[in-house]
Amino acid sequence: MKYTQMLIPTLKEVPSDAEAVSHVLMLRGGYVRQLASGLYIYMPLFLRVLNRVNGIIRQEMNRIGAQEVSMPVLHPAEIWQKTGRWYEIKEEMFRLKDRTGRDMCLAMTHEEIMTWLASREIRSYRDMPQTWYQIQTKLRDEARPKSGVLRTREFIMKDSYSFDVDEEALEKSYNLHIEAYDKIFSRCGLAFYRVESDPGMMGGATAHEYMAPSPAGEDEVAICANCGYSANVELAISVSPAGDPVEMAYEDAHTPGKRTIGEVSAFLDLSPDKFIKSLLLISSDGPVLALIRGDQQLHENKTARIIGTFRPAQREEVKELLGVEAGFIGPMGHKVRVIADEVLKTSTYVSGANRSDYHTKGVKPAVHFTAEWFDLHKAQENDGCPKCAAKLKIVKVIEIGNIFKLGTKYSAPLKAIYLDKEGIEKPIIMGSYGIGPARIAAAAIEQSNDKNGIIWPAPIAPFDVEILPLNMSDEEVKGVSLRLYDELTSMGMEVLLDDRDERAGVKFKDADLIGIPYHVVVGTKNVKEGVVEIKKRATGETEKVPMEKIAEFFRQRPGTGKPGRI
RNA sequence: CGGGGCGUAGCGCAGCCUGGAUAGCGCACCUGCCUUGGGAGCAGGGGGCCGGAGGUUCAAAUCCUCUCGCCCCGACCA
């Protein structure tokens with residue numbers, strides 16, 4: 001492809017709307033343009049990247065026996081009503097009516113429709129296993145689209161669905177997906193984790209997420225470098241390191257206006273782990289007082305599993321229910337339900353004194369207060385691993401894929417039923433599996449860039465090589481470049497020829513920005529000596545290569561190595 | 001949905017607080033010359049509903065009210 005025939009509108013300046021590195025570089029490199037909040041136009045270069053990513057996905061999905069299909073994006077409400085999600089999902093679903101007034105919605109995902117198909121076409125145990133996938137548009141009216149292409153309202157997703165006769169067979173389908181996903185992300189050049197994830201409302205079902213470490217990520221995972229334990233912090237278990245026990249007499253301390261742990265801790269010159277943080281929560285069953293050690297955070301999911309959905313109490317509610325001003329709550333002597341994190345079971349602490357401007361020292365569990373004990377804290381850096389007790393680290397990550405065991409959640413309501421060997425009707429056992437190709441691309445940029453621009457992993461780069469004729473008015477330079485272009489193209493390489501009548505500096509800058517793995521620089525002086533320069537984008541190393549050896553050079557260099565699962 | 005920020009040329013911004021004449025700068029763009037190994041130089045030129053509506057005022061990019069849009073933090077996220 002010739003540069004002059006392609007739309008590659010690079011930007012010299014950083015667009016003010018972009019924050020995440022991948023967002024900035026995609027905009028600057030002319031890969032994407034924003035249409036509205038959460039809606040992006042994929043420009044020619046980006047589409048090339050996505051096509052390569054999708055090509056890898058297709059290969060690996062096909063390899064595990066999955067079949068590609070294509071589902072509508074406009075759905076009748078009825079099917080979603082049958083599974084209940086029409087009612088469960090709120091504003092996140094785009095809804096509309098057709099001309100006859102029939103309720104419709106836009107696809108957020110395709111469990112319903114895939115299951116609908118299965119319910120009609122799968123009748124016997126002999127028809128399974130089946131795995132169907134598509135690379136299809138999804139629409140979600142996100143509360144907050146962000147970070148460029150990372151969180152959008154319309155996006156493409158590879159989603160696959162497995163249909164099996166029983167749990168054991170599902171296990172096989174699930175493992176095949178693990179196999180495929182490990183290969184896909186490795187081949188795309190990403191460093192990634194496969195972590196336990198929260199199956200949400202799926203009850204006992206298992207789920208994993210594929211996570212690419214990046215500061216632009218929205219999720220956090222807890223990782224144990226020692227035994228390999230890894231989980232989304234949404235459900236990670238961790239052992240809180242015990243603080244040094246300090247003996248304190250049971251007495252009140254005057255702490256005027258000091259409400260937060262930080263303030264009181266500084267005021268009394270005691271580290272935060274010597275405090276009990278008392279949080280008043282309002283659950284559907286009434287108020288609950290949750291106790292957490294001062295240096296820790298309340299884990300909302302864990303808490304919700306114990307007391308159901310809840311919200312923090314307002315200031316006035318605290319006063320009403322406990323008779324204490326917010327900021328001075330202590331665990332002693334309240335009539336509400338009290339739940340506490342297990343780490344507080346021992347030692348001695350400081351807590352609110354249940355009266356304004358005072359905290360109480362020397363508070364001991366069992367002696368001064370009682371509670372129901374649970375694991376309530378969020379895993380944090382340097383907590384102990386629940387499996388081996390080594391220290392956990394917390395890493396920010398981008399979710400690039402997930403795999404779920406669904407069981408019969410969709411097959412039951414949609415009556416996707418088959419007859420087993422004994423002629424008994426049984427619901428099909430399902431799994432669903434997603435990958436976000438645009439997120440793969442964004443994560444690749446997040447993980448691989450420098451101050452000059454993108455450094456694409458070779459397998460997903462928009463082109464394999466870019467040829468830079470430094471002076472298009474020099475006939476020899478031009479001629480050599482065109483010849484190399486033809487030669488490399490005929491070898492099956494994807495080649496971008498920067499045939500613009502631009503100065504050398506401009507071409508170098510744009511080439512670095514766009515991030516194609518190899519640059520073949522054709523300059524006047526070198527051409528006279530019969531050589532061109534090959535620059536490796538990743539390292540900046542250059543090498544002079546005789547023109548007749550170029551083909552050979554690239555023949556010996558298949559895709560570069562990649563990080564893979566960590 | 002709560003909190004914060006920002007809307008002025010294609011992009012990045014200044015001007016606004018303290019109202020006043022033809023709204024300014026850099027980049028990009030067009031023409032010509034020149035230049036050709038890291039975003040050149042000179043000369044000339046085009047491009048603005050100052051997000052929108054209403055109000056205050058002799059006078060509004062500037063002050064006030066409403067509204068729309070975008071970004072960030074939080075909540076939410078099959």
Side-chain angles (χ1 to χ4, degrees), chain A residues 9-20 23-24 27-28 30 33-39 75 80 83-94 105-115 138-148 150-153 155 157 159 161 197-202 205 207 209 216 218-219 232 234 300-301 304 309-312 314 399 402 404 406 409-410 432-434 451-453 468-474 477-478 498 500-513 519 521-527 532-533 535 540 542 544:
Chain A
T10 57
L11 265 24
K12 211 181 284 189
E13 284 172 291
V14 180
S16 60
D17 278 355
E19 191 109 329
H23 190 194
V24 170
L27 250 15
R28 286 197 54 211
R33 286 295 182 263
Q34 185 177 29
L35 174 65
S37 182
L39 296 175
H75 302 171
W80 286 80
T83 61
R85 287 161 112 189
W86 177 265
Y87 310 104
E88 279 164 32
I89 298 166
K90 297 157 292 168
E91 293 163 315
E92 208 185 336
M93 181 186 273
F94 283 107
C105 64
L106 300 180
M108 300 180 63
T109 173
H110 283 81
E111 275 83 10
E112 273 79 0
I113 311 306
M114 287 277 184
T115 311
K138 312 283 182 230
L139 294 118
R140 297 179 189 177
D141 198 355
E142 287 287 348
R144 184 145 94 85
K146 57 184 284 201
S147 308
L150 279 178
R151 190 167 200 80
T152 55
R153 297 193 292 175
F155 58 98
M157 180 168 159
D159 49 325
Y161 304 84
S197 76
D198 189 346
M201 291 155 221
M202 307 303 311
E209 286 165 329
E218 297 183 274
D219 287 287
N232 194 314
E234 295 296 318
E300 299 189 3
N301 288 1
T309 50
F310 68 91
R311 60 172 175 86
Q314 320 260 320
E399 181 186 349
N402 56 44
F404 274 91
L406 295 175
K409 174 163 183 177
Y410 299 94
S432 88
Y433 317 86
K451 67 176 191 318
N452 296 315
L468 308 183
L470 294 187
N471 184 353
M472 283 303 284
S473 48
D474 180 326
V477 166
K478 193 171 166 184
D498 191 347
R500 293 176 300 169
D501 187 17
E502 286 286 357
R503 298 169 59 84
V506 174
K507 295 192 179 188
F508 285 133
K509 289 290 184 189
D510 278 340
D512 285 346
L513 215 206
H519 301 167
V521 181
V522 184
T524 312
K525 219 173 122 198
N526 282 336
V527 160
V532 296
E533 197 173 84
K535 173 178 155 184
T542 60
K544 282 189 184 176

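We name chains A, B, ... by the order of the sequence lines, and we start the count at 1 in each one.
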Below 4.5 Å, heavy atoms only, C-beta onward: do [X] and [Y] meet side chain to side chain?
X      : Y      : answer
A:S147 : A:E19  : no
A:H75  : A:H110 : yes
A:E142 : A:S37  : no

What's the closest nucleotide to the [X] side chain, out of [options]?
X      : options             : result
A:D17  : B:C71, B:G39, B:G37 : B:C71
A:A36  : B:U36, B:G39, B:C70 : B:C70
A:P15  : B:U36, B:G37, B:G12 : B:G12
A:E19  : B:C13, B:C76, B:C72 : B:C72
A:D501 : B:U36, B:A40, B:G37 : B:U36
A:K146 : B:C73, B:G39, B:C13 : B:C73
A:E300 : B:G39, B:G38, B:C76 : B:C76
A:S37  : B:U36, B:G39, B:C70 : B:C70
A:A143 : B:G39, B:U36, B:C76 : B:C76

Classify [X] by what it touches in the nucleic acid, base, sugar-phosphate, or nothing, heavy-atom distance under 4.0 Å.
X      : value
A:S432 : nothing
A:T542 : nothing
A:N526 : base

Measure from [atom1] on [X] to [atom2] on [N] and round the result to the nearest Å.
X      : N     : atom1 : atom2 : result
A:D498 : B:G37 : CG    : P     : 15 Å
A:L35  : B:G69 : CG    : P     : 13 Å
A:N471 : B:G37 : CG    : P     : 7 Å
A:D512 : B:G38 : CG    : P     : 13 Å

Task: Side chain A:K544, main chain A:N526, donor-acceptor under 3.5 Å - done: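 No, the answer is negative, given that no donor and acceptor are paired below the 3.5 Å cut-off.
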
Within the sub-3.5 Å range, which N or O atoms of nucleotides 27-34 of chain B have a protein N or O partner, and how far apart are they?
unit_1, atom_1, unit_2, atom_2, d
B:C27, O3', A:K12, NZ, 3.4

For [X] and [N], is the shortest distance between a side-chain N/O and OP1 or OP2 below 4.0 Å?
X      : N     : answer
A:R144 : B:C73 : yes
A:S16  : B:C11 : no
A:R503 : B:A40 : yes

Open item on the list: Under a 3.5 Å threshold, yes or no: a donor from one side chain and an acceptor from the other, between A:D510 and A:T10?
Closed with: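 On atom types as modelled, these side chains qualify, holding a pair under 3.5 Å.
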
TODO: Between A:Q34 and A:G505, name the one whose nearest nucleotide on RNA chain B is closer to the 5' end.
DONE: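 The answer here is A:G505.
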
TODO: Using the closest heavy atom to pick a nucleotide of RNA chain B for each, name whichever of A:E234 or A:H23 lands nearer the 5' end.
DONE: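 The 5'-side residue here is A:H23.
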
Task: Heavy atoms from other residues, nucleotides or ligands near CD of A:E218 exceed 12 (cutoff 6.0 Å) - done: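 Check passes, neighbour count above 12.
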
Task: side-chain contact (heavy atoms from CB on, under 4.5 Å) involving A:R503 - partner list, sequence neighbours excluded - done: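 Not a single residue meets the side-chain contact (heavy atoms from CB on, under 4.5 Å) criterion with A:R503.
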
